[in-house]
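These numbers come from a predicted model, not from an experiment. Each chain gets a letter, A, B and so on, in the order its sequence line appears, and its residues count up from 1. Values below: every heavy atom of this structure, side chains too, minus hydrogens, waters and symmetry copies.
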Protein chains: 2
Amino acid sequence: MSSRDEASLAQVLTSFRQVSEARSRSFSAQTGIPLARLGAPITFRLSRGCVALYRDLSDERRQILDVFGPGWVISGEHVDLHACRAMAICESRVEEIETEQNAEVINEAARRMLKRAQAHGLLLGRKTAAERVASTLLDLAGQFARHGYGRNSGQITFLLHLSHYELADWLGLTQETVSRCLSRLKRDRVIGFNQPELITIRDPQALRTLATGATPAA
Amino acid sequence: MSSRDEASLAQVLTSFRQVSEARSRSFSAQTGIPLARLGAPITFRLSRGCVALYRDLSDERRQILDVFGPGWVISGEHVDLHACRAMAICESRVEEIETEQNAEVINEAARRMLKRAQAHGLLLGRKTAAERVASTLLDLAGQFARHGYGRNSGQITFLLHLSHYELADWLGLTQETVSRCLSRLKRDRVIGFNQPELITIRDPQALRTLATGATPAA
DNA sequence: CGATAGCTTGATGTACATCAAGGGATGTGG
DNA sequence: CCACATCCCTTGATGTACATCAAGCTATCG
(Lines give C-alpha, C1' and ligand atoms only; values in the text may rest on other atoms or scores of the structure.)
Protein backbone atom coordinates (compact mmCIF):
# COMPACT_ATOMS: atom_id res chain seq x y z
CA MET A 1 0.00 0.00 0.00
CA SER A 2 1.39 3.36 -0.98
CA SER A 3 1.69 6.10 1.55
CA ARG A 4 -0.86 7.96 -0.50
CA ASP A 5 -3.40 5.11 -0.19
CA GLU A 6 -2.79 4.97 3.50
CA ALA A 7 -3.41 8.63 3.75
CA SER A 8 -6.74 8.44 1.92
CA LEU A 9 -7.82 5.38 3.89
CA ALA A 10 -7.07 7.21 7.08
CA GLN A 11 -9.10 10.10 5.74
CA VAL A 12 -12.06 7.88 4.96
CA LEU A 13 -11.97 6.22 8.33
CA THR A 14 -11.76 9.55 10.06
CA SER A 15 -14.67 10.98 8.18
CA PHE A 16 -16.66 7.78 8.73
CA ARG A 17 -15.93 7.98 12.41
CA GLN A 18 -17.00 11.60 12.46
CA VAL A 19 -20.23 10.89 10.66
CA SER A 20 -20.87 7.84 12.76
CA GLU A 21 -20.21 9.71 15.96
CA ALA A 22 -22.21 12.70 14.84
CA ARG A 23 -25.13 10.55 13.70
CA SER A 24 -25.46 8.07 16.52
CA ARG A 25 -26.63 9.19 19.94
CA SER A 26 -27.67 7.64 23.21
CA PHE A 27 -30.42 8.90 25.45
CA SER A 28 -30.97 7.83 29.01
CA ALA A 29 -34.41 6.96 30.36
CA GLN A 30 -36.91 9.80 30.65
CA THR A 31 -35.00 12.24 28.47
CA GLY A 32 -36.35 14.13 25.49
CA ILE A 33 -35.20 13.31 21.97
CA PRO A 34 -35.16 16.26 19.58
CA LEU A 35 -37.20 15.87 16.37
CA ALA A 36 -35.76 18.94 14.68
CA ARG A 37 -32.52 20.88 14.34
CA LEU A 38 -32.62 24.60 13.66
CA GLY A 39 -36.33 24.27 13.05
CA ALA A 40 -35.91 21.63 10.34
CA PRO A 41 -37.31 18.13 10.98
CA ILE A 42 -34.79 15.33 11.39
CA THR A 43 -35.20 11.57 11.12
CA PHE A 44 -33.59 8.68 12.94
CA ARG A 45 -33.77 4.94 13.27
CA LEU A 46 -34.13 3.48 16.74
CA SER A 47 -31.42 0.84 17.16
CA ARG A 48 -31.85 0.09 20.87
CA GLY A 49 -34.39 0.86 23.53
CA CYS A 50 -37.93 2.26 23.52
CA VAL A 51 -39.21 5.67 22.47
CA ALA A 52 -42.58 7.36 22.99
CA LEU A 53 -44.22 10.15 20.99
CA TYR A 54 -46.52 12.34 23.05
CA ARG A 55 -48.44 15.58 23.23
CA ASP A 56 -49.29 17.73 26.22
CA LEU A 57 -52.54 19.51 26.92
CA SER A 58 -53.15 22.35 29.34
CA ASP A 59 -52.85 21.50 33.06
CA GLU A 60 -51.36 18.09 33.71
CA ARG A 61 -52.86 16.13 30.85
CA ARG A 62 -50.57 14.18 28.54
CA GLN A 63 -51.31 11.75 25.72
CA ILE A 64 -48.72 9.27 24.51
CA LEU A 65 -49.48 8.82 20.80
CA ASP A 66 -47.33 5.80 20.10
CA VAL A 67 -44.52 3.68 21.50
CA PHE A 68 -41.70 2.32 19.35
CA GLY A 69 -39.20 -0.49 19.73
CA PRO A 70 -35.95 -1.16 17.87
CA GLY A 71 -36.07 -0.84 14.08
CA TRP A 72 -38.60 1.95 13.91
CA VAL A 73 -37.94 5.06 11.84
CA ILE A 74 -39.10 8.16 13.67
CA SER A 75 -39.23 11.52 11.93
CA GLY A 76 -39.99 15.12 12.71
CA GLU A 77 -41.74 15.14 9.33
CA HIS A 78 -44.43 12.92 10.76
CA VAL A 79 -45.54 15.10 13.63
CA ASP A 80 -46.61 18.62 14.41
CA LEU A 81 -43.29 19.99 15.66
CA HIS A 82 -45.01 22.69 17.68
CA ALA A 83 -47.05 20.26 19.75
CA CYS A 84 -45.42 16.85 19.70
CA ARG A 85 -42.38 15.55 21.59
CA ALA A 86 -40.40 12.35 21.70
CA MET A 87 -38.78 10.82 24.76
CA ALA A 88 -36.71 7.76 25.60
CA ILE A 89 -38.67 5.41 27.84
CA CYS A 90 -35.52 3.49 28.73
CA GLU A 91 -31.86 3.86 27.76
CA SER A 92 -32.02 4.14 23.97
CA ARG A 93 -29.74 4.55 20.97
CA VAL A 94 -30.72 6.26 17.74
CA GLU A 95 -28.99 6.75 14.40
CA GLU A 96 -29.86 9.79 12.42
CA ILE A 97 -30.55 9.19 8.73
CA GLU A 98 -30.59 11.58 5.79
CA THR A 99 -34.03 12.70 4.76
CA GLU A 100 -33.16 12.93 1.08
CA GLN A 101 -31.54 9.53 0.55
CA ASN A 102 -34.15 7.64 2.58
CA ALA A 103 -37.38 9.07 1.28
CA GLU A 104 -39.03 5.73 0.63
CA VAL A 105 -38.09 4.30 4.02
CA ILE A 106 -39.52 7.39 5.69
CA ASN A 107 -42.73 7.25 3.66
CA GLU A 108 -43.18 3.60 4.52
CA ALA A 109 -42.74 4.46 8.21
CA ALA A 110 -45.43 7.13 7.87
CA ARG A 111 -47.89 4.61 6.43
CA ARG A 112 -47.20 2.13 9.22
CA MET A 113 -47.57 4.83 11.85
CA LEU A 114 -50.81 5.98 10.29
CA LYS A 115 -52.34 2.51 10.48
CA ARG A 116 -51.24 2.19 14.09
CA ALA A 117 -52.72 5.58 14.87
CA GLN A 118 -56.02 4.44 13.36
CA ALA A 119 -56.09 1.28 15.44
CA HIS A 120 -55.27 3.36 18.49
CA GLY A 121 -58.11 5.73 17.63
CA LEU A 122 -60.52 2.84 17.79
CA LEU A 123 -59.00 1.80 21.10
CA LEU A 124 -59.28 5.27 22.65
CA GLY A 125 -62.71 6.02 21.29
CA ARG A 126 -64.56 2.78 21.79
CA LYS A 127 -62.75 0.20 23.90
CA THR A 128 -63.22 -0.44 27.61
CA ALA A 129 -60.28 -0.20 30.01
CA ALA A 130 -59.84 -3.99 30.07
CA GLU A 131 -59.88 -4.16 26.27
CA ARG A 132 -57.32 -1.36 26.03
CA VAL A 133 -54.91 -3.06 28.37
CA ALA A 134 -55.29 -6.41 26.62
CA SER A 135 -54.69 -4.83 23.20
CA THR A 136 -51.61 -3.03 24.40
CA LEU A 137 -50.04 -6.08 25.99
CA LEU A 138 -50.32 -7.87 22.66
CA ASP A 139 -48.81 -4.90 20.86
CA LEU A 140 -45.87 -4.62 23.25
CA ALA A 141 -45.32 -8.36 23.17
CA GLY A 142 -44.99 -8.08 19.40
CA GLN A 143 -42.41 -5.32 19.66
CA PHE A 144 -40.43 -6.48 22.69
CA ALA A 145 -40.85 -10.24 22.95
CA ARG A 146 -37.60 -12.02 23.65
CA HIS A 147 -37.30 -14.40 20.78
CA GLY A 148 -36.75 -18.01 21.69
CA TYR A 149 -37.42 -17.18 25.29
CA GLY A 150 -40.45 -18.58 27.00
CA ARG A 151 -42.11 -19.11 23.67
CA ASN A 152 -42.93 -22.72 24.46
CA SER A 153 -46.59 -23.58 24.48
CA GLY A 154 -47.37 -20.22 22.87
CA GLN A 155 -46.44 -18.25 25.96
CA ILE A 156 -44.61 -14.98 25.40
CA THR A 157 -42.46 -13.13 27.90
CA PHE A 158 -41.41 -9.53 27.45
CA LEU A 159 -40.09 -6.51 29.29
CA LEU A 160 -42.76 -3.93 29.91
CA HIS A 161 -40.60 -0.86 29.50
CA LEU A 162 -43.41 1.51 30.41
CA SER A 163 -44.47 2.34 33.94
CA HIS A 164 -48.18 2.05 34.74
CA TYR A 165 -48.31 5.80 34.67
CA GLU A 166 -46.94 5.86 31.12
CA LEU A 167 -49.26 3.07 30.04
CA ALA A 168 -52.14 5.11 31.39
CA ASP A 169 -51.07 8.13 29.37
CA TRP A 170 -50.97 5.98 26.27
CA LEU A 171 -54.34 4.35 26.87
CA GLY A 172 -56.27 7.39 28.03
CA LEU A 173 -56.69 5.94 31.53
CA THR A 174 -55.20 6.44 34.98
CA GLN A 175 -52.36 4.59 36.60
CA GLU A 176 -54.75 2.96 39.10
CA THR A 177 -57.08 1.65 36.41
CA VAL A 178 -54.14 0.13 34.51
CA SER A 179 -52.96 -1.55 37.69
CA ARG A 180 -56.41 -2.96 38.41
CA CYS A 181 -56.75 -4.34 34.87
CA LEU A 182 -53.33 -6.00 35.06
CA SER A 183 -54.13 -7.47 38.47
CA ARG A 184 -57.37 -8.83 37.11
CA LEU A 185 -55.61 -10.47 34.15
CA LYS A 186 -53.09 -11.98 36.54
CA ARG A 187 -55.80 -13.27 38.88
CA ASP A 188 -57.56 -14.80 35.86
CA ARG A 189 -54.30 -16.50 34.82
CA VAL A 190 -54.26 -14.80 31.40
CA ILE A 191 -50.94 -13.15 32.19
CA GLY A 192 -48.31 -13.60 34.90
CA PHE A 193 -45.69 -11.42 36.54
CA ASN A 194 -43.67 -11.22 39.74
CA GLN A 195 -42.02 -7.88 39.24
CA PRO A 196 -44.49 -5.65 37.36
CA GLU A 197 -41.71 -5.09 34.81
CA LEU A 198 -41.48 -8.59 33.31
CA ILE A 199 -44.73 -9.94 31.92
CA THR A 200 -45.64 -13.36 30.58
CA ILE A 201 -48.66 -13.88 28.41
CA ARG A 202 -49.92 -17.25 29.55
CA ASP A 203 -53.04 -17.45 27.39
CA PRO A 204 -52.51 -15.44 24.19
CA GLN A 205 -55.81 -16.57 22.71
CA ALA A 206 -57.81 -15.37 25.71
CA LEU A 207 -55.96 -12.06 25.55
CA ARG A 208 -56.76 -11.66 21.86
CA THR A 209 -60.41 -12.36 22.55
CA LEU A 210 -60.47 -9.74 25.29
CA ALA A 211 -58.60 -7.22 23.11
CA THR A 212 -61.13 -7.34 20.29
CA GLY A 213 -64.00 -6.79 22.65
CA ALA A 214 -65.86 -10.04 22.22
CA THR A 215 -68.87 -10.31 24.47
CA PRO A 216 -67.94 -12.70 27.30
CA ALA A 217 -69.89 -15.91 26.66
CA ALA A 218 -73.30 -15.00 25.26
CA MET B 1 -49.38 26.31 -33.58
CA SER B 2 -48.38 23.60 -36.08
CA SER B 3 -50.86 20.96 -37.16
CA ARG B 4 -48.69 18.47 -35.37
CA ASP B 5 -49.05 20.40 -32.13
CA GLU B 6 -52.80 20.49 -32.62
CA ALA B 7 -52.91 16.77 -33.18
CA SER B 8 -50.98 15.99 -30.05
CA LEU B 9 -53.07 18.46 -28.05
CA ALA B 10 -56.23 16.73 -29.26
CA GLN B 11 -54.73 13.42 -28.30
CA VAL B 12 -53.95 14.65 -24.82
CA LEU B 13 -57.43 16.06 -24.38
CA THR B 14 -59.05 12.86 -25.57
CA SER B 15 -57.05 10.66 -23.30
CA PHE B 16 -57.68 13.07 -20.43
CA ARG B 17 -61.40 12.89 -21.10
CA GLN B 18 -61.38 9.13 -21.22
CA VAL B 19 -59.47 8.86 -17.99
CA SER B 20 -61.64 11.46 -16.40
CA GLU B 21 -64.86 9.71 -17.36
CA ALA B 22 -63.67 6.29 -16.42
CA ARG B 23 -62.22 7.46 -13.13
CA SER B 24 -64.89 9.76 -11.73
CA ARG B 25 -67.76 8.34 -9.65
CA SER B 26 -70.58 9.67 -7.52
CA PHE B 27 -71.80 8.19 -4.26
CA SER B 28 -75.04 9.06 -2.55
CA ALA B 29 -75.24 9.74 1.17
CA GLN B 30 -74.61 6.81 3.50
CA THR B 31 -73.09 4.53 0.89
CA GLY B 32 -69.76 2.75 1.12
CA ILE B 33 -66.83 3.79 -1.06
CA PRO B 34 -64.45 0.96 -2.00
CA LEU B 35 -60.80 1.43 -1.07
CA ALA B 36 -59.53 -1.50 -3.12
CA ARG B 37 -60.18 -3.29 -6.41
CA LEU B 38 -59.38 -6.97 -6.71
CA GLY B 39 -57.61 -6.75 -3.40
CA ALA B 40 -55.28 -3.97 -4.50
CA PRO B 41 -55.56 -0.57 -2.80
CA ILE B 42 -56.85 2.31 -4.91
CA THR B 43 -56.60 6.05 -4.41
CA PHE B 44 -58.93 8.91 -5.22
CA ARG B 45 -59.32 12.63 -4.75
CA LEU B 46 -62.55 13.87 -3.24
CA SER B 47 -63.89 16.59 -5.53
CA ARG B 48 -67.30 17.16 -3.92
CA GLY B 49 -68.98 16.15 -0.69
CA CYS B 50 -67.79 14.63 2.56
CA VAL B 51 -66.27 11.23 3.28
CA ALA B 52 -65.63 9.41 6.56
CA LEU B 53 -63.12 6.67 7.32
CA TYR B 54 -64.26 4.30 10.06
CA ARG B 55 -63.69 0.98 11.78
CA ASP B 56 -66.18 -1.32 13.44
CA LEU B 57 -65.74 -3.25 16.65
CA SER B 58 -67.73 -6.21 17.88
CA ASP B 59 -71.38 -5.54 18.83
CA GLU B 60 -72.58 -2.10 17.80
CA ARG B 61 -69.43 -0.08 18.39
CA ARG B 62 -68.06 2.06 15.58
CA GLN B 63 -65.25 4.60 15.49
CA ILE B 64 -65.01 7.21 12.76
CA LEU B 65 -61.28 7.81 12.31
CA ASP B 66 -61.41 10.94 10.20
CA VAL B 67 -63.72 13.08 8.09
CA PHE B 68 -62.63 14.63 4.82
CA GLY B 69 -63.89 17.51 2.71
CA PRO B 70 -63.20 18.40 -0.94
CA GLY B 71 -59.56 18.26 -2.05
CA TRP B 72 -58.48 15.39 0.17
CA VAL B 73 -56.64 12.42 -1.27
CA ILE B 74 -57.89 9.17 0.27
CA SER B 75 -56.08 5.91 -0.33
CA GLY B 76 -56.43 2.25 0.45
CA GLU B 77 -52.68 2.31 1.03
CA HIS B 78 -53.26 4.38 4.14
CA VAL B 79 -55.55 2.02 5.99
CA ASP B 80 -55.83 -1.57 7.09
CA LEU B 81 -58.02 -2.87 4.27
CA HIS B 82 -59.31 -5.73 6.42
CA ALA B 83 -60.68 -3.47 9.13
CA CYS B 84 -61.27 -0.02 7.73
CA ARG B 85 -64.10 1.30 5.53
CA ALA B 86 -64.94 4.56 3.84
CA MET B 87 -68.42 5.99 3.35
CA ALA B 88 -69.96 9.08 1.82
CA ILE B 89 -71.55 11.25 4.50
CA CYS B 90 -73.45 13.24 1.90
CA GLU B 91 -73.69 13.06 -1.90
CA SER B 92 -70.04 12.96 -2.97
CA ARG B 93 -67.91 12.79 -6.11
CA VAL B 94 -64.47 11.21 -6.28
CA GLU B 95 -61.85 10.95 -9.01
CA GLU B 96 -59.58 7.98 -8.96
CA ILE B 97 -55.88 8.73 -9.44
CA GLU B 98 -53.01 6.48 -10.47
CA THR B 99 -50.90 5.26 -7.60
CA GLU B 100 -47.69 5.26 -9.62
CA GLN B 101 -47.82 8.73 -11.13
CA ASN B 102 -48.97 10.42 -7.94
CA ALA B 103 -46.65 8.93 -5.36
CA GLU B 104 -45.64 12.25 -3.86
CA VAL B 105 -49.20 13.54 -3.61
CA ILE B 106 -50.20 10.32 -1.87
CA ASN B 107 -47.27 10.44 0.54
CA GLU B 108 -48.07 14.02 1.40
CA ALA B 109 -51.66 13.00 2.12
CA ALA B 110 -50.39 10.26 4.43
CA ARG B 111 -48.33 12.76 6.42
CA ARG B 112 -51.28 15.12 6.77
CA MET B 113 -53.56 12.27 7.83
CA LEU B 114 -50.99 11.11 10.36
CA LYS B 115 -50.80 14.52 12.03
CA ARG B 116 -54.58 14.70 12.14
CA ALA B 117 -54.73 11.21 13.63
CA GLN B 118 -52.28 12.30 16.33
CA ALA B 119 -54.32 15.37 17.20
CA HIS B 120 -57.40 13.16 17.32
CA GLY B 121 -55.61 10.74 19.61
CA LEU B 122 -55.08 13.54 22.09
CA LEU B 123 -58.72 14.46 21.75
CA LEU B 124 -59.99 10.92 22.34
CA GLY B 125 -57.58 10.13 25.13
CA ARG B 126 -57.55 13.29 27.18
CA LYS B 127 -60.21 15.82 26.25
CA THR B 128 -63.59 16.27 27.93
CA ALA B 129 -66.80 16.02 25.92
CA ALA B 130 -67.10 19.81 25.69
CA GLU B 131 -63.52 20.16 24.50
CA ARG B 132 -64.02 17.44 21.88
CA VAL B 133 -67.08 19.12 20.43
CA ALA B 134 -65.41 22.54 20.38
CA SER B 135 -62.30 21.14 18.64
CA THR B 136 -64.39 19.40 16.03
CA LEU B 137 -66.50 22.42 15.21
CA LEU B 138 -63.31 24.36 14.48
CA ASP B 139 -61.99 21.53 12.33
CA LEU B 140 -65.20 21.23 10.32
CA ALA B 141 -65.43 25.00 9.95
CA GLY B 142 -61.95 24.90 8.42
CA GLN B 143 -62.95 22.24 5.92
CA PHE B 144 -66.49 23.30 5.07
CA ALA B 145 -66.74 27.04 5.75
CA ARG B 146 -68.50 28.89 2.99
CA HIS B 147 -65.96 31.44 1.92
CA GLY B 148 -67.13 35.01 1.89
CA TYR B 149 -70.32 34.01 3.64
CA GLY B 150 -71.03 35.19 7.10
CA ARG B 151 -67.35 35.83 7.64
CA ASN B 152 -67.98 39.35 8.83
CA SER B 153 -66.79 40.10 12.32
CA GLY B 154 -64.88 36.80 12.35
CA GLN B 155 -68.04 34.70 12.37
CA ILE B 156 -67.99 31.53 10.30
CA THR B 157 -70.99 29.64 8.97
CA PHE B 158 -70.79 26.09 7.69
CA LEU B 159 -72.86 23.03 6.88
CA LEU B 160 -72.49 20.34 9.48
CA HIS B 161 -72.70 17.35 7.18
CA LEU B 162 -72.59 14.85 10.02
CA SER B 163 -75.56 13.81 12.11
CA HIS B 164 -75.11 13.93 15.88
CA TYR B 165 -74.87 10.18 15.81
CA GLU B 166 -71.95 10.36 13.36
CA LEU B 167 -70.26 13.11 15.34
CA ALA B 168 -70.54 10.91 18.42
CA ASP B 169 -68.88 8.01 16.60
CA TRP B 170 -66.06 10.32 15.62
CA LEU B 171 -65.59 11.82 19.08
CA GLY B 172 -65.97 8.65 21.12
CA LEU B 173 -69.19 9.92 22.72
CA THR B 174 -72.92 9.33 22.41
CA GLN B 175 -75.43 11.19 20.32
CA GLU B 176 -77.05 12.61 23.48
CA THR B 177 -73.81 13.99 24.86
CA VAL B 178 -73.02 15.69 21.55
CA SER B 179 -76.47 17.24 21.53
CA ARG B 180 -76.06 18.51 25.09
CA CYS B 181 -72.66 20.05 24.32
CA LEU B 182 -73.99 21.80 21.23
CA SER B 183 -77.02 23.08 23.15
CA ARG B 184 -74.72 24.40 25.86
CA LEU B 185 -72.54 26.23 23.30
CA LYS B 186 -75.65 27.71 21.76
CA ARG B 187 -77.04 28.80 25.12
CA ASP B 188 -73.67 30.43 25.89
CA ARG B 189 -73.80 32.27 22.55
CA VAL B 190 -70.53 30.73 21.34
CA ILE B 191 -72.29 29.17 18.37
CA GLY B 192 -75.71 29.58 16.80
CA PHE B 193 -78.07 27.42 14.75
CA ASN B 194 -81.74 27.14 13.86
CA GLN B 195 -81.65 23.88 11.99
CA PRO B 196 -79.03 21.67 13.61
CA GLU B 197 -77.49 21.32 10.13
CA LEU B 198 -76.28 24.88 9.59
CA ILE B 199 -73.96 26.19 12.27
CA THR B 200 -72.50 29.62 12.86
CA ILE B 201 -69.48 30.15 15.05
CA ARG B 202 -70.27 33.42 16.75
CA ASP B 203 -67.22 33.61 19.00
CA PRO B 204 -64.30 31.77 17.39
CA GLN B 205 -61.86 32.86 20.09
CA ALA B 206 -64.01 31.46 22.89
CA LEU B 207 -64.36 28.23 20.93
CA ARG B 208 -60.60 27.97 20.48
CA THR B 209 -60.11 28.50 24.19
CA LEU B 210 -62.59 25.75 25.00
CA ALA B 211 -61.04 23.41 22.43
CA THR B 212 -57.57 23.60 23.91
CA GLY B 213 -58.86 22.83 27.37
CA ALA B 214 -57.98 26.02 29.15
CA THR B 215 -59.17 26.05 32.74
CA PRO B 216 -62.29 28.27 32.86
CA ALA B 217 -61.28 31.46 34.70
CA ALA B 218 -58.80 30.55 37.40
C1' DC C 1 -31.93 4.52 57.48
C1' DG C 2 -34.95 7.89 55.88
C1' DA C 3 -36.59 9.43 51.32
C1' DT C 4 -38.43 8.93 46.97
C1' DA C 5 -40.82 6.47 43.23
C1' DG C 6 -43.77 3.15 41.59
C1' DC C 7 -47.34 -0.42 42.53
C1' DT C 8 -51.56 -2.10 44.77
C1' DT C 9 -56.07 -1.94 46.77
C1' DG C 10 -60.13 0.18 48.96
C1' DA C 11 -63.66 4.04 49.46
C1' DT C 12 -65.90 7.61 47.27
C1' DG C 13 -67.05 10.92 43.48
C1' DT C 14 -68.36 12.22 38.79
C1' DA C 15 -68.54 12.70 33.72
C1' DC C 16 -70.65 10.52 30.61
C1' DA C 17 -73.71 6.48 29.12
C1' DT C 18 -78.06 4.56 29.16
C1' DC C 19 -82.91 4.67 29.39
C1' DA C 20 -86.93 7.17 28.42
C1' DA C 21 -90.27 10.36 26.51
C1' DG C 22 -91.64 14.01 23.52
C1' DG C 23 -91.20 17.15 19.33
C1' DG C 24 -90.25 18.71 14.61
C1' DA C 25 -89.25 17.50 9.97
C1' DT C 26 -89.77 14.56 5.95
C1' DG C 27 -91.94 10.92 3.45
C1' DT C 28 -95.63 7.61 2.06
C1' DG C 29 -99.88 5.41 1.25
C1' DG C 30 -104.85 5.75 1.74
C1' DC D 1 -105.05 16.29 2.16
C1' DC D 2 -104.52 13.81 6.11
C1' DA D 3 -103.08 9.84 9.12
C1' DC D 4 -99.05 7.54 10.30
C1' DA D 5 -94.39 6.17 10.38
C1' DT D 6 -89.60 7.17 10.56
C1' DC D 7 -85.60 9.69 11.60
C1' DC D 8 -83.15 12.84 14.09
C1' DC D 9 -82.81 16.02 17.75
C1' DT D 10 -83.67 17.51 22.50
C1' DT D 11 -84.10 17.14 27.38
C1' DG D 12 -84.74 14.77 31.85
C1' DA D 13 -83.94 10.79 35.18
C1' DT D 14 -81.03 7.24 36.45
C1' DG D 15 -76.98 4.09 36.17
C1' DT D 16 -72.05 2.97 35.85
C1' DA D 17 -67.20 2.71 34.36
C1' DC D 18 -63.61 4.93 35.45
C1' DA D 19 -61.35 8.95 38.05
C1' DT D 20 -60.03 10.72 42.26
C1' DC D 21 -58.64 10.42 46.91
C1' DA D 22 -56.30 7.88 50.28
C1' DA D 23 -53.33 4.62 52.65
C1' DG D 24 -50.00 1.09 52.84
C1' DC D 25 -46.36 -1.78 50.57
C1' DT D 26 -41.85 -2.72 48.17
C1' DA D 27 -37.70 -1.58 46.02
C1' DT D 28 -34.06 1.43 45.06
C1' DC D 29 -30.72 4.89 46.49
C1' DG D 30 -28.08 8.49 48.54
Side-chain angles (χ1 to χ4, degrees), chain A residues 28-30 57 59-63 89-91 123-137 159-188 191-199 210 213 215-216, chain B residues 28-30 57 59-63 89-91 123-137 159-188 191-199 210 213 215-216:
Chain A
S28 55
Q30 309 302 318
L57 205 54
D59 37 86
E60 295 292 85
R61 290 178 283 176
R62 178 178 70 158
Q63 178 65 39
I89 294 292
C90 61
E91 175 83 21
L123 179 150
L124 290 172
R126 290 300 182 210
K127 287 189 181 179
T128 66
E131 289 162 1
R132 295 180 200 200
V133 170
S135 305
T136 296
L137 289 176
L159 261 181
L160 181 68
H161 294 288
L162 305 160
S163 70
H164 291 189
Y165 186 82
E166 288 159 342
L167 272 177
D169 277 345
W170 191 16
L171 303 183
L173 300 170
T174 60
Q175 178 234 128
E176 293 94 328
T177 298
V178 169
S179 179
R180 280 185 245 266
C181 289
L182 289 172
S183 297
R184 184 92 215 284
L185 288 171
K186 185 182 183 184
R187 186 148 30 86
D188 293 348
I191 65 172
F193 55 91
N194 294 314
Q195 314 95 309
E197 187 73 1
L198 187 63
I199 292 198
L210 284 172
T215 33
Chain B
S28 55
Q30 309 300 320
L57 205 56
D59 36 84
E60 294 291 86
R61 290 179 282 176
R62 178 178 70 159
Q63 178 65 40
I89 294 291
C90 61
E91 175 83 22
L123 179 150
L124 290 171
R126 289 301 181 210
K127 287 189 182 181
T128 66
E131 290 162 359
R132 295 181 199 199
V133 170
S135 304
T136 296
L137 289 176
L159 261 181
L160 182 68
H161 294 289
L162 305 159
S163 70
H164 291 190
Y165 186 80
E166 288 159 343
L167 273 177
D169 277 345
W170 191 15
L171 302 182
L173 300 169
T174 59
Q175 178 234 129
E176 293 95 327
T177 298
V178 169
S179 179
R180 280 186 245 266
C181 289
L182 288 171
S183 295
R184 183 93 216 285
L185 288 170
K186 184 182 181 183
R187 187 148 28 86
D188 295 347
I191 65 172
F193 56 91
N194 293 315
Q195 316 94 309
E197 187 72 1
L198 186 64
I199 293 199
L210 283 172
T215 33

Item checked: Closest heavy-atom pair and its distance - B:Leu124, B:Gly172 -> CD2-N, 3.9 Å
Checklist line | Of the listed nucleotides C:dT9, D:dA19, C:dT18, the one nearest the side chain of B:Thr174 | finding: C:dT18
Sequence neighbours left out, cut at 3.5 Å: what donor-acceptor pairs do the side chains of residues 177-188 of chain B make with other protein atoms?
| from | atom 1 | to | atom 2 | distance (Å) |
| --- | --- | --- | --- | --- |
| B:Thr177 | OG1 | B:Thr174 | OG1 | 3.2 |
| B:Ser183 | OG | B:Ser179 | O | 3.0 |
| B:Lys186 | NZ | B:Phe193 | O | 3.0 |

Notebook entry, point to check: Do the side chain of B:Glu176 and the base of C:dC19 come within less than 3.5 angstrom through a donor-acceptor pair of N or O atoms?
Noted result: yes
Checklist line | From CG (B:Leu160) to CG (B:Leu198), nearest 0.5 Å | finding: 9.5 Å
Next item on the list: Locate the shortest heavy-atom distance separating B:Asp169 from A:Arg126; write the atom from each residue and the value.
Entry: OD1-NH2, 2.9 Å
Next item on the list: Using whole Å, report how far OH of B:Tyr165 lies from P of D:dT10.
Entry: 17 Å
Item checked: side chain to side chain donor-acceptor pair (under 3.5 Å) involving A:Glu197 - partner list, sequence neighbours excluded -> none
Notebook entry, point to check: Between A:Leu198 (CG) and D:dA27 (P), how many Å, whole number?
Noted result: 15 Å
Item checked: B:Lys127 or A:Ser179, whichever maps to the more 5' nucleotide of DNA chain C -> A:Ser179
N/O-N/O pairs, protein side and nucleotides 11-15 of chain C side, under 3.5 Å:
none

Next item on the list: Using atom CZ of B:Arg184 as one end and atom P of D:dG12 as the other, report the distance to the nearest whole Å.
Entry: 13 Å
Checklist line | Given DNA chain D, 5'-ward residue of the pair A:Leu173 and B:Gln175, judged by closest heavy atom | finding: B:Gln175
Next item on the list: Starting at atom CD of A:Glu60, determine the distance to atom C1' of D:dC21, rounded to an integer number of angstrom.
Entry: 16 Å
Margin query: Can you measure A:Gln195 atom CD to C:dA5 atom C1' for me and round it to whole angstrom units?
Written below: 17 Å
Check: Whole Å only: how far is the CZ atom of A:Arg132 from the C1' atom of D:dC18?
Finding: 10 Å
Item checked: Contact summary for A:Glu131 and A:Leu210, nearest pair of heavy atoms -> CG-O, 3.2 Å
Next item on the list: Provide, to the nearest angstrom, the distance between the CZ atom belonging to B:Arg126 and the C1' atom belonging to D:dT20.
Entry: 13 Å
Next item on the list: Check the distance between D:dT10's C1' and B:Arg187's CZ and give it to me in whole angstrom.
Entry: 12 Å
Notebook entry, point to check: Do you know which two heavy atoms are closest between B:Lys127 and A:Arg61, and how far apart they sit?
Noted result: CA-NH1, 3.9 Å
Checklist line | Short side-chain N/O contact to C:dA17 OP1/OP2 from B:Thr177, under 4.0 Å | finding: yes
